[in-house]
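One structure is given here, and the rest of the page talks about it.
Only heavy atoms go into these numbers, but all of them, side chains included; no hydrogens, no water, no symmetry mates. Along the sequence shown, the residues carry numbers beginning at 1.
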Amino acid sequence: MDDTVFTKKRFGELLVDAGLITSAELHQAMERQRLTGKRIGESLISLKIVSEFDIAKTLSDQLKIEYIELKPDDVQAEAIAEVPHTVAIKYNCIPIKKDAGFLTVAMVDPLDYDSMKDIGFHCNLEVKPVVSTRTEILEAIKYYYKLDESIEDMIRAASSDTDFFDGEKIEIAPLATDAPVLRTDDLKQKSETAPIVRLFNLIFVMAMKARASDIHLDPHKDKLSVRYRVDGVLITDRYLQRELQAGLVSRIKILASLDISERRLPQDGAIRVKYNNRSIDLRVSTLPAHYGEKVVIRILDQSASPPGMEGIGLTGENLKKMTQFLKKRQGILLVTGPTGSGKSSTLYSFINQIRSEKLNIMTVEDPIEYDIDGLNQIQVKPEIGLTFANCLRSILRQDPNVIMLGEIRDLETAEIAFRAAMTGHLVISTVHTNTAISTVTRLIDMGIPKYLVSSVIIGVVGQRLVRTICKRCRVEVRHPEADTEKPGRKTVKGENRNAVDAEKTGPFRGEGCLSCNHTGFFGRIGIFEILPFESTIKEAVLMGGSEEEVKKAALKQGYKSMGDDGLEKVRLGETTLEEVHRVIDIQDEIPLLCPGCQKSIHADFIVCPHCKYDIQLSCPGCRKHLQPDWLACPYCGDESHGALKGVGPSGSRSKRSKVANT
């Protein structure tokens, strides 16, 4: 018996051993195989003894090999490039991931060792098999090898804008059709050739499939990189030949109504794309760099629905506070955070919560990210004098109930916004500051009088975006020291593992799968701090208190930081502590947890105000006070206190050690 027959026999016998088929059915399929020359799996399916899914799932369970339900965004272009089309067809397989000397290949028959050897020979990589169905693999082969034989072959084979990919429709037009378009004949001709047209379509469609918010085209000395920002993180998708740069950039400029002959100055434009009956706006920014123009394209899905407040991560007490804020009919509600922290989505969630036919809601935006029924939305155009301040002045003559202002950027806009809030309007806007508390000093520094800040602001919401753990590969993690007692540590009856025990990974993490591109994360959610302007804060602001004094006033009225909200989302398994660390300052924002009652406490507390737990570090030998970074007691030389040996997630000693290890 040759090796091939032996392999196929093992495949069939495995199905018999698993109870999926009987020995008689296997014999019947092998007879069909001898007549048709088809593989044993195909024979079983053609005889309607089993289904493709039954075979794949049984092999996965019996061999402990992962089963993959192939989806359009599961396959890496780098992996496809490693295996020729003929080899993929021959062995009914498709490469899906290339990583650190391994090539993950989806196969119908993971016991076909000869095919794995042949594939490994072609790509000089060790093959790691996963199981999928024959139909899914054949569809993926048809799809990806048509797409990625090579970029050059693909764009030469392309013929039009509207039939890009089977079943996918794209129609592209400049968003601002009245804008002047200046063209250089040579560049225009080069950019409108079919390959360049198709290449831009490829980049756009791959960005949509990757759920990207931005496309980055970065020029290098000898290549052009294409990167996508997915869930806030930039991922390199591919590198293009340097020769394609001029034509591709010019194609984008023409579509965005920009001057393609001007390569020395930055330019901004927009493109309207109709993609699978969805209206997409592309905001284009070009910037001259050392090796040519860098292009960044922001993707705005105009057909998407605005998120709800729970959808962006406002839950529990924070949701109650926000609901109370939005019931007010005058004052200013501010959302703050750095660029890319999700402020605009939060504004839309507020508007979505309160919109009604009984309210005249008007917005001033740059850009308009969601097209919402029932709203009067205005796009600012500074080039013709339609600024935030000018729009706001005109809006006040339109009898508005609620005004959403995209951003307060200057004193003029701020003054008009505060005046509107004082005269019976609810104003919702954003300010660029790092925390909710620093917004107060920012407005005062901008020139707004303290009495206006104190009396007009309803509340301030600070926020960041953290990536959420992929639900398909989420697993619970227990720290190896979670159930062990550290030397010298006080214990409390019923004490639970606190945030420091979970500091290295958090209670859950994503193992990484094809759905999340092996990052362990899929999507993002907000972490928030909400600062209601109640009497203690109003008084502190009116008296000219410093940022620290305002913070102390906030703590007296129960203020909780973004760190508190981040830790809560870690406990709920929505994100990881490392991800919270990535977006906010660890020392200043992430609170400590009392080992006794698990409530948030300040880093400088020596006794928990909630349960009176003694937090101060003391030497187990002489009971004298110790500093958190001491490795030994300077009074008696005792080194037995493991309390002083804790380190933070970065390896450096952290303030939190003095709570975590007492």
Side-chain angles (χ1 to χ4, degrees), residues 1-23 25-70 74-76 78-99 101-145 514:
M1 183 183 297
D2 61 40
D3 290 342
T4 304
V5 175
F6 176 72
T7 300
K8 291 176 182 174
K9 186 176 180 182
R10 285 191 56 197
F11 177 92
E13 288 176 344
L14 190 64
L15 301 179
V16 173
D17 294 340
L20 185 64
I21 63 175
T22 65
S23 297
E25 289 171 336
L26 174 60
H27 181 74
Q28 183 183 1
M30 292 178 71
E31 288 296 324
R32 172 66 68 92
Q33 179 192 16
R34 293 189 184 97
L35 294 173
T36 63
K38 293 183 178 180
R39 295 172 178 265
I40 194 69
E42 291 177 273
S43 300
L44 286 166
I45 293 167
S46 65
L47 290 169
K48 298 184 179 181
I49 295 174
V50 292
S51 69
E52 288 181 290
F53 177 80
D54 291 335
I55 292 177
K57 202 68 178 75
T58 301
L59 288 173
S60 174
D61 295 339
Q62 292 295 311
L63 300 175
K64 307 301 181 186
I65 296 176
E66 184 182 6
Y67 166 74
I68 297 294
E69 182 182 355
L70 284 173
D74 285 345
V75 180
Q76 294 180 351
E78 295 84 354
I80 289 291
E82 293 293 336
V83 178
H85 185 203
T86 54
V87 174
I89 289 291
K90 179 180 179 181
Y91 296 121
N92 287 319
C93 67
I94 185 165
I96 56 178
K97 183 189 176 187
K98 179 184 176 183
D99 184 35
F102 288 88
L103 184 70
T104 303
V105 180
M107 308 179 70
V108 175
D109 183 0
L111 294 173
D112 192 348
Y113 302 112
D114 287 339
S115 67
M116 284 190 279
K117 288 180 182 178
D118 198 10
I119 295 167
F121 173 80
H122 277 88
C123 62
N124 197 28
L125 295 167
E126 186 173 344
V127 174
K128 178 183 176 183
V130 294
V131 183
S132 191
T133 66
R134 184 180 306 278
T135 298
E136 288 177 326
I137 289 175
L138 290 177
E139 287 296 320
I141 290 173
K142 178 182 176 182
Y143 180 90
Y144 285 102
Y145 280 94
L514 289 173

Side-chain donor or acceptor of Ser60 paired with backbone N/O of Ile65 under 3.5 Å: yes
Spacing of Met107 atom CE and Ile68 atom CD1 [to the nearest 0.5 Å]: 14.0 Å
Pairwise salt bridge (charged side-chain N to carboxylate O under 4.0 Å, His left out) hits with a residue in residues 116-133, at least two apart: none
Residue pair Thr104, Asp99: steps toward the side-chain contact (heavy atoms from CB on, under 4.5 Å) verdict: CA-CA 8 Å; Thr104 303; Asp99 184 35; over 6 Å; no
Residues in ring-ring contact (aromatic ring centres under 6.0 Å, His included) contact with Phe102, at least two apart in sequence or another chain: none
Any side-chain heavy-atom pair of Ile119 and Cys93 under 4.5 Å: yes
With Ile96, the side-chain contact (heavy atoms from CB on, under 4.5 Å) member among Val105, Val130, Leu103, Ile137: Val130
Evaluation steps, side-chain contact (heavy atoms from CB on, under 4.5 Å), between His122 and Glu82: CA-CA 7 Å; His122 277 88; Glu82 293 293 336; over 6 Å; no
Inter-residue atom distance Met30.CE - Ser23.OG, 0.5 Å rounding: 11.0 Å
Nearest heavy-atom neighbours spanning Ile21 and Leu26: CD1-CB, 3.9 Å
Minimum heavy-atom distance Ile141-Ala88, with the two atoms named: CD1-O, 3.6 Å
Test log, rule side-chain contact (heavy atoms from CB on, under 4.5 Å), inputs Gln28 and Ile49: CA-CA 10 Å; Gln28 183 183 1; Ile49 295 174; 4.1 Å; yes
Non-hydrogen atoms of Val131 and Ala56 that approach each other most closely: CG1-O, 3.4 Å
Glu52 (side chain) donor-acceptor with Thr135 (main chain) under 3.5 angstrom: yes
Verdict with reasoning, Ile94 to Leu70, per side-chain contact (heavy atoms from CB on, under 4.5 Å): CA-CA 10 Å; Ile94 185 165; Leu70 284 173; 4.0 Å; yes
Listed once per pair and sorted, the ring pair (Phe, Tyr, Trp, His ring centres under 6.0 Å) pairs that draw on residues 35-70, sequence neighbours left out: Phe53-Tyr67
Side-chain heavy atoms of Asn92 within contact of Asp109, under 4.5 Å: no
Nearest-0.5 Å distance, CD of residue Glu25 to CG of residue Leu44: 8.0 Å
For Ser115, all residues meeting side chain to side chain donor-acceptor pair (under 3.5 Å), sequence neighbours excluded: none
Nearest heavy-atom neighbours spanning Met116 and Val127: O-CG2, 3.6 Å
4.5 Å side-chain heavy-atom contact, Ile89 and His85: yes
Sequence-distant partners of Glu31, salt bridge (Lys or Arg N to Asp or Glu O under 4.0 Å), two or more places apart: Arg34
For Glu136, side chain to side chain donor-acceptor pair (under 3.5 Å) partners two or more places apart: Ser132, Thr133
